[in-house]
Structures are given as structure tokens and as C-alpha cells.
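Chain A is the first sequence line, chain B the second, and so forth, proteins listed ahead of strands; every chain is numbered from 1.
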Amino acid sequence: MSIAPTRMIERSKRRHPAAERESCVVEVHEHSPPTLFHSGEQFRLERLPIGSRIVYPPPPLKGLVDVDAAICAALDSPLGMDPLDALLSPGMKLTIAFDDISLPLPPMKAPDIRQRVIEHVLERAYRAGVEDIHLIAALALHRRMTPAELKRAVGPAIFDEFFPDRLYNHDAEDPDGIVSLGETRHGEPVELSKRAAESDLLIYVNINIVTMDGGHKSVAVGLGTYNSVKAHHNVHALRHSRSFMDPANSELHHSTNRQGDIVEAAVPVFHIETTLNNDMYDGPLSFLAKPEARWTPREQATFAALKRTTDRMNPKLRRALFHKSRAPYAVTSVTAGAVGPVHQVTLEHCAMQQAVGVRGQADIVTAGLPYLGPYNVNSILNPILVMCMGLGYFFNLYQGVPLVREGGVMIFTHPVTREFHPVHHPSYVDFYEEVLATTTDPAEIERRFEKSYAEDEWYRHLYRTSYAYHGVHPFYMWYWGAHALQHLGDVIFVGGDPEACRRLGFRRADTMRDAIEMAEQVVGRDPSLTHFHCPPLFYAQVEA
Amino acid sequence: MRFASGGRRLEKLAGANASRRPAAPRKWRTLAAGRDPWSGRGVEDQPWLRERKPALLREVAQQALLFPATRAVAMPTIVGAQDLIHAPQPAILAPNHESDIDTPLVLLALPHAWRSRTVVGAASDRFYRKRAYAIAAGFWINTFPFDRGGGQRRGLAAAAAHLREGRNVLLFPQGTRGAGPEGYRAGVAELALTASAPIIPVHIEGSALVMPKGRGLNRRAKTKVTFARPLHPRAGETPQELTARLHDAIEG
């Protein structure tokens with residue numbers, strides 16, 4: 001077995017993201033083909049004005065040749081901690097927490113990287129004679145994972161052995177399962193899963209698909225409660241997270257780091273972070289990640305067939321098919337050790353795959369919203385999640401300054417339909433009907449409504465026993481876009497449902513040309529336009 | 001502002017973007033207020049369908065297709081049809097009307113001696129708008145065009161002519177489907193008084209579930225067709241009085 005650090009056993013030479021950034025930003029000229037826009041479960045081809053820029057995601061990196069060897073190497077030579085074998089001893093209390101269903105997007109083909117890492121960890125734990133082992137899905141205020149989803153995440157062997165008594169979902173509302181660890185120096189309460197807090201070692205298995213994830217956010221948020229999450233999931237923190245995809249400049253992350261320090265003082269945390277490449281389209285659809293000008297005739301025909309099929313398909317069937325798709329992600333890094341140093345290395349790997357340099361902001365930024373976000377795996381992307389996808393995620397996928405200038409306009413394509421998953425998103429329905437009918441101002445929403453939803457007994461019951469998101473979750477989705485709402489002059493949805501868009505406080509247009517004309521009235525004549533060609537996921541490093 | 005114009009082939013292949021606005025429909029939905037003044041009969045009566053050969057063909061088609069299908073979906077129980085041999089012909093058959101399946105139900109319940117001599121009054125503004133509809137209705141259920149409303153009694157005159165020629169006439173006294181027990185009109189009674197023909201009240205139960213108004217075939221259900229004793233118009237009776245008796249005989 002190799003004991004080389006993870007970074008040394010990649011097959012290809014490490015790429016320099018800077019070298020690829022040049023080709024990822026393409027200018028639209030007279031003979032450019034129409035541009036692909038995702039629009040929920042459909043695709044659109046839109047013509048952009050000549051002179052616009054399109055920011056494409058970098059091509060997928062090559063994965064590790066031997067993932068098992070990389071995991072072993074990471075566990076044997078962790079950063080800032082003793083090797084895992086030295087931390088394990090007979091009779092100890094070991095808790096393994098792992099990321100929930102919201103990662104990665106779309107779910108990866110089996111075997112899941114969580115399964116592979118946990119298998120190695122368990123093997124070492126058994127070898128060391130550890131018997132008291134619990135596996136917890138660190139889902140914070142997300143919905144519980146179904147047994148089938150747990151089985152997919154950890155693999156059938158581990159599932160059969162541990163489920164349901166030693167493999168379970170974190171319950172942030174369990175009065176007997178939560179322990180308070182005190183407060184940070186800023187007065188943020190830290191509450192944690194009792195089992196995790198009282199363990200002799202807490203191992204966290206993470207998938208870092210965006211730079212927001214990982215680090216102290218994993219444990220402090222994933223195993224936290226409403227009280228501890230409230231400290232940073234609020235309008236003030238999110239408005240001062242510029243952006244929350246850039247941990248160094250994110251109020252959200254500063255807060256979770258402070259909480260993480262308290263957690264680390266209470267229980268030793270062995271953090272295992274993994275990164276994936278952005279190879280999210282399988283087989284014949286891989287061209288969707290490529291610039292349209294590079295599509296071959298065969299790929300063009302495939303796209304035409306795909307678009308015509310999805311346009312004519314029954315919406316329910318189409319959704320079912322889309323949610324069945326699994327991504328052939330490759331693992332690009334496995335790093336283990338103390339939270340801080342591990343996360344630094346992970347962020348470097350993320351940057352290598354995802355960072356694209358862009359010079360200068362734009363008046364208008366366009367983006368096509370896909371069918372899937374972190375909170376609607378096997379579910380429905382309801383209007384509030386659409387807002388969160390657009391203004392929460394897509395807007396915040398920057399480092400430095402936002403891609404769109406202050407007072408600029410973002411144009412999204414999505415058929416914002418008023419549809420909610422009755423099991424997964426019960427509080428969203430009431431949020432949409434009650435709260436958004438009153439106001440769309442995040443600060444006012446936080447002040448007037450948050451507490452009653454967060455402490456609602458029925459939502460609490462559904463969260464604990466059914467598969468519902470916590471009652472307060474739609475509020476966080478709205479706060480997620482608070483920075484964007486403050487920054488932007490207008491938001492336009494092309495093809496959006498008029499009633500739903502109005503309820504969300506946005507405008508809608510039938511075609512991209514209409515939308516650009518509407519945007520011109522806000523930002524002035526002859527605006528500069530940049531298209532953010534996501535997914536696959538990437539982020540822009542924008543210099544003003 | 002100029003837009004990129006390359007990639008025409010791709011755009012053509014992939015088709016237009018899905019739009020929330022559906023294409024203009026071939027027929028616009030309109031709000032119906034009152035009777036459509038333009039909906040008069042477009043086609044005249046098709047008397048050739050009552051001649052011997054078409055009538056024979058109709059009998060075969062009804063027995064082979066229409067009645068088995070009706071029996072399958074409506075599962076009728078028939079009461080009092082055998083007593084019709086004692087009833088005088090020609091007569092007016094007057095069932096209550098809930099559904100389009102009422103006519104085939106009554107026809108299949110009638111004995112052959114009655115059915116072969118029965119014509120059905122079909123609303124000319126519905127069944128005689130186009131030649132194809134008229135021929136289809138005439139062929140399957142032996143209809144004649146009945147002009148509803150208008151105060152000119154044209155429909156009643158046509159029905160009276162059929163009675164004079166010795167045919168039984170099937171007319172729905174409510175005039176339309178789903179008018180309810182309060183919706184009986186005086187036309188049938190007027191016809192009976194002027195033509196001095198007996199009325200045979202027929203009660204149909206449960207057909208609204210099989211084929212409700214405004215929907216196609218809904219579900220299978222059990223129905224019941226009951227023939228009552230013939231009502232003879234009395235001397236000096238007004239149409240309203242006769243209609244009241246008819247109402248009691250059907251709904252009572």
C-alpha cells in the first residue's frame with residue numbers, strides 16, 4: 001500500500017486551472033450557435049446578443065486511478081492528526097457521520113464515495129477491536145433519508161449490518177438526543193447530536209461538491225439543531241457572506257468555524273473530505289457540458305431528439321426519468337485529518353475543477369436553472385427552491401465580486417410552476433401561501449414569521465417521523481437569496497408561470513429577447529451580458 | 001441589438017423552445033349564453049334511412065353492436081316491457097332524460113314490434129348540424145330532426161306527422177339532459193292532445209352515472225328502465241294538467 005499523500009498518486013499531471021480559464025470564457029460572435037439553457041426538466045436554445053460572454057465550466061478532471069489506495073493513503077497519513085489506526089482503540093465509542101442525500105447532484109453511480117470511505121474506516125475499526133460504532137446521516141434540518149437512500153449511500157453490506165439501530169438519521173428535534181456544548185465567543189449557541197458529542201472519536205465523511213460545503217460546516221451544521229443553525233442561517237450573516245461559496249469572505253463560514261472550534265474542543269473530529277470532478281452527464285449526453293460550437297453533427301442530432309422528446313413528454317414521467325439519472329462522477333481527491341488543514345486542501349481541489357477566471361462584471365447575467373437542487377433530490381423543485389437555486393446558488397457561485405454588477409439584472413430560464421412535494425415540503429406550501437403573500441423582504445420575513453414556523457409542533461412532528469424538511473427550512477431558502485435580492489436591480493424568469501413569479505416578486509417574460517429588452521429598461525441601453533453556463537457546477541473568480 | 005445567428009441547422013433540428021403559451025387552438029372556446037342563434041339545423045331529415053333495407057341493416061347493427069355495448073356499460077334491468085303488447089300504437093314514448101345513453105337503453109328495452117316502428121326525436125341543433133352526424137344518428141337510432149323551442153311548434157308538427165303515419169315517437173318531455181324532475185315541459189302533452197295519441201311514461205334510473213352530461217363514458221353502472229301504463233289524454237284537459245300527470249307517472 002502506498003503511503004504517499006493523496007496528491008501524489010493522481011494519474012495525470014496536476015492541471016493548472018488558470019491555463020484553462022482562457023478557453024472557458026467565450027465571446028458570442030455573429031456566427032455563434034444558439035446557446036443551451038436548462039429550464040427545469042426541459043432544454044431551450046436561446047440566441048444571445050453579439051458581444052456577450054459565455055462562461056463555460058471547465059472540462060472534467062481525470063479521476064484517481066485507484067480510489068481505494070487514495071483512501072488508505074489519506075487514512076494513513078492524515079493532515080494535522082495521527083493516522084486513523086492510532087486513534088482507534090478497543091472499547092471506544094466511535095461515531096461516523098456522513099453527508100446526506102443533498103450531495104452530490106445528481107446522485108452518483110454506485111458505489112457511492114461515502115460507502116467506499118466508510119468501508120475502509122469500518123475495516124480499520126474492526127481491526128482495532130472497536131465495537132460501539134454508530135453511523136449517522138448528518139442532515140441537520142433536511143428531510144430524513146429513506147432506508148433505500150441510506151442503503152444507496154452506505155452500500156447494502158453496511159446497511160444490512162447497521163440499520164436501523166446503529167445507522168440512522170440525525171434528529172435535530174430529539175430532546176434526549178441533543179446536548180449543548182456552550183456558546184462561542186460571539187454568543188452563538190452550539191448544540192450537537194448527543195451520540196456524536198459523547199463519542200471518543202467522531203469521523204466525518206464528506207463530499208465537497210461546492211466550496212460552501214465541508215470544513216467546520218459539516219459537523220457543526222450537519223449534526224446541529226435549529227438553535228445552533230439559527231446563529232448563521234440568518235439574513236444578516238447571509239447578506240454579509242460575499243459569497244458563501246468563498247469561505248474566506250463568508251460570515252456564514254466564520255460563524256460555523258467558531259462553532260466548529262467548540263465542537264473540536266469537546267470531541268476529537270477526524271475529517272475525511274472527498275472531491276468529485278464535474279462529469280455529471282452520462283454516456284451519450286456528455287456533450288451537454290461542452291460549448292455548443294463544439295457539438296458534432298451527431299451530438300446536435302442527439303440534442304434535438306432529447307429536446308423534442310422532453311418537450312412532448314408527460315411532465316410526471318419526465319420528472320421521474322430525470323430523477324432516475326445518476327452521474328458517473330470520478331473521485332479527484334480524498335483528504336483526511338484535522339478539519340482546518342483538510343479543508344484547505346479540499347478547497348484547492350475544488351478550485352482546480354471548478355474555478356473559472358472572469359474579468360469584469362456584467363450588467364445582465366443569464367443562466368438556465370436545471371431540474372435539480374440540493375433540496376429536491378427525488379422530489380419537486382418548487383417555486384421557493386427555484387428562487388434558492390437562482391438567487392442562492394447560481395448568483396453566489398462567485399469569488400471576489402458577483403458576476404453581475406450592483407443594480408444589474410439576472411435572467412433565468414425556468415417554468416416556475418406552483419408545485420410542491422406534499423411529503424417533503426409541507427412547510428413550503430404555507431410559506432408560499434402565507435408568508436410570500438404578505439412580503440418578500442427577507443428581514444421582515446425573519447422578524448415576523450420565522451419563529452412560528454420553526455416551533456410549529458406539526459412541522460416538528462413531520463420532520464421527526466415523516467420525510468419532511470424542517471418547518472424553518474423554506475425561510476433559509478429565502479435567506480439564501482437575501483444577498484442577491486439586495487444586490488440585483490431585477491430578476492426575470494423566461495417561461496415562468498406568471499402567478500408564481502409575481503408571488504415570488506420577480507418578473508417573467510416569454511422569450512429571451514423580451515427579457516433582455518425588459519432588462520435594458522433597468523440597466524440601460526446596450527448592456528453587457530454574460531451567460532453562466534451551469535450545470536455542470538463551477539464558480540467564477542471575478543475581478544472587478 | 002444584434003443577436004448571434006449561427007447554428008441554424010441545430011436550431012431547426014431542435015425545434016422551438018417550449019412555451020407556456022399554447023398555439024392558437026383550431027376551435028376557440030367561447031362562453032355560451034343562451035341558445036346559439038346560428039345553431040339551426042344544417043341538414044334536413046333523412047327519410048331514406050327509414051326504408052326497408054336501411055332499417056334491416058339498422059336492426060342488425062343495433063343487435064350486433066349498439067345493444068351489446070349498451071348492455072355492457074349500463075347493465076339494464078327492464079320492467080314492464082312485456083306489457084307493451086297490450087298498449088295501443090302509435091304512441092308517444094316519454095322517458096326522463098339524464099344521459100345520451102337513454103335512447104339506446106329505451107330502444108333495447110322495447111319489443112321488436114315497437115322498436116321497428118319507433119322514431120326518435122333528436123334535437124336538430126345538436127344532431128342535424130352536419131350531414132355526417134345526421135346520417136349517423138338516423139342510422140343507429142332512427143331519428144328525425146326535432147326543432148326545439150322557437151314557439152313555432154315545428155318539432156311537434158313533425159312528430160305529429162310521424163304519429164299520423166303510424167310510427168311511435170320517442171320524445172323526452174324534459175327537452176334536454178339533466179333538467180331534473182322540475183324541468184318537464186308541456187310539448188309532449190300538447191302533442192298527445194292534438195294528435196290524441198297515448199303517452200307511455202318511461203322511467204330510467206342510474207344512466208347519469210354511466211354517461212353524465214358534458215363527459216363521455218364515465219363508468220359501468222346498473223340502470224333500470226321501467227315502462228308505466230299508458231296515459232290517455234282526457235277530453236278538455238289542458239297540456240299543463242297532462243304534463244303534471246305525466247310527471248307523476250314518470251317520477252312517482
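Counting non-hydrogen atoms of neighbouring residues, nucleotides and ligands closer than 6.0 angstrom, the NZ atom of B/Lys213 exceeds 12 such neighbours. By the neighbour-count criterion of 12 heavy atoms within 6.0 Å, atom CZ of B/Phe139 is densely surrounded, having more than that number from other residues, nucleotides or ligands. Shown here is A/Glu433, whose CD atom has more than 12 heavy atoms of other residues, nucleotides or ligands within 6.0 Å. No more than 12 heavy atoms of other residues, nucleotides or ligands sit less than 6.0 Å from atom NZ of B/Lys224.
Scanning both residues, B/Asn17 and A/Lys307, for their nearest heavy atoms gives OD1-CE, 3.5 Å. For B/Met1 against A/Pro49, the heavy-atom pair with the smallest separation is SD-CG, 3.4 Å. Counting all heavy atoms, side chain and backbone alike, B/Ala4 lies closest to A/Ser32 at CB-O, 3.6 Å.
The part of A/Ile516 that comes within reach of chain B is its side chain, from C-beta onward, which places non-hydrogen atoms under 4.5 angstrom from that chain. A/Glu30 touches chain B through backbone and side chain together, each having a heavy atom under 4.5 Å away. Proximity to chain B is limited to the side chain of A/Glu520, based on heavy atoms less than 4.5 angstrom apart.
Taken from CD in B/Glu11 to CG in A/Leu45, the straight-line distance is 6.5 Å, to the nearest 0.5 Å. Expressed to the nearest 0.5 Å, how far CD1 of A/Ile50 lies from CZ of B/Phe3 amounts to 9.5 Å. Rounded to the nearest 0.5 Å, atoms CG (B/Leu13) and CZ (A/Arg308) are 7.5 Å apart.
With chain B as the partner, the residue from A/His29, A/Arg44, A/His31 showing the most heavy-atom pairs under 4.5 Å is A/Arg44. Highest contact tally toward chain A, considering only B/Gly15, B/Gly6, B/Ala16, B/Gly7, is held by B/Gly6 [criterion: heavy-atom pairs under 4.5 Å].
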